[in-house]
Amino acid sequence: MLKTKFAIVLILLIWNLGNFIEFYIHLADFLLFFHLFFNHLFSFVCHQDAEKLISFWGKSTLLCTRCSGIYFGAFLFSIVNIFTKQAKSIKTKLLFFSAIPLIFDVTFTSFGIYNYSKIIAFSTGIVLGFVGLQFLISTIFTFSDNGE
Amino acid sequence: MKKYYPILIAGFIGGIASVIPIFKSLSCCLVIPIISVLALYFEMKSTSRNEPFKLKEGITIGFFTGISSAFLGLIFDVFITLVTHSNELVLGYPQMNEMLNTFPVDELTKKQASEMIKNVVQQIQNNGFSLTYVFAMLVNGLMSNSIFGIIGGIVGVRILNNKFFEVE
């Protein structure tokens, strides 16, 4: 069980490091290859809209702010998951509630009620990523315990 | 054929959602998982199911719902592009060029990539269709929708088993 938990942390760590690769790409030439790899990989899971990337020091993430939040939230949960007993079941309602801020944010920004904010997009993403991974892991573990 | 209706109907809804602006922004993280849950629900109703879903059923239905929504979404997208001679790629072309310049690759590669995108944009503006664009969108859609479809299928099994079969 602990091995699986560490494997999840490792996968999400690599995923998140890949997202921020532009910030440390200057450290070694071979990282350019990983940049192309991650950029291609992330294009399958995110629109990568240039205006919605997290940018500072002239560098940007490869995923949009909201997706970065989701995967960072998932990574945070994977770490917490190591130190906690496996949650057998979390309420479905909790998953819905965790998605509500993100849905409201998308709706409000799309209708122009307020301007797109990277801080809000990132924060709402973290909430969904954290709870979403918890829900996903507890579901898979429940089924694997039942021998499916 | 009837057994594929739940997947096709949910895929159709996902396809429409993928071309509507507000839903489009949510399609990568929420719409596809939600339509996978919907496909499982339709499956349960159409077969008058009286036993809980197994995990692999959820994964399979989620996967194929993602695939069908990718195909149907692409058909809608191609149709709209054919009529309007414009799409997100055409509108975002200037920004895309700026972004290309920030990429840590050599000038020749940047020039080649820029030329390729320019050709695609010109084809869309002149003919309303570009085979390269369709192929890129199809590969992208199939990959992302199948991943999120599977996630939705797993979540859906849990939600529906919990709600309708009282399985924790």
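Each chain gets a letter, A, B and so on, in the order its sequence line appears, and its residues count up from 1.
Aromatic ring centroids of B:F76 and B:F12 lie under 6.0 Å apart.
Annotation: maximal heavy-atom pairing with chain B below 4.5 Å, among A:L95, A:D49, A:L128, A:L136, occurs at A:L136.
Heavy atoms closer than 4.5 Å to chain A are found in both the backbone and the side chain of B:I154. Heavy atoms closer than 4.5 Å to chain A are found in both the backbone and the side chain of B:I151. A:F42 does not touch chain B: none of its heavy atoms, backbone or side chain, sits under 4.5 Å away.
When all heavy atoms of B:I32 and B:G66 are compared, the pair lying nearest together is CG2-CA, 4.4 Å.
A donor-acceptor pair under 3.5 Å is absent between the side-chain atoms of B:D77 and the main chain of B:G73, judged by distance alone.
Summarising the local packing, CD1 of A:I113 is surrounded by more than 12 heavy atoms from other residues, nucleotides or ligands at distances under 6.0 Å.
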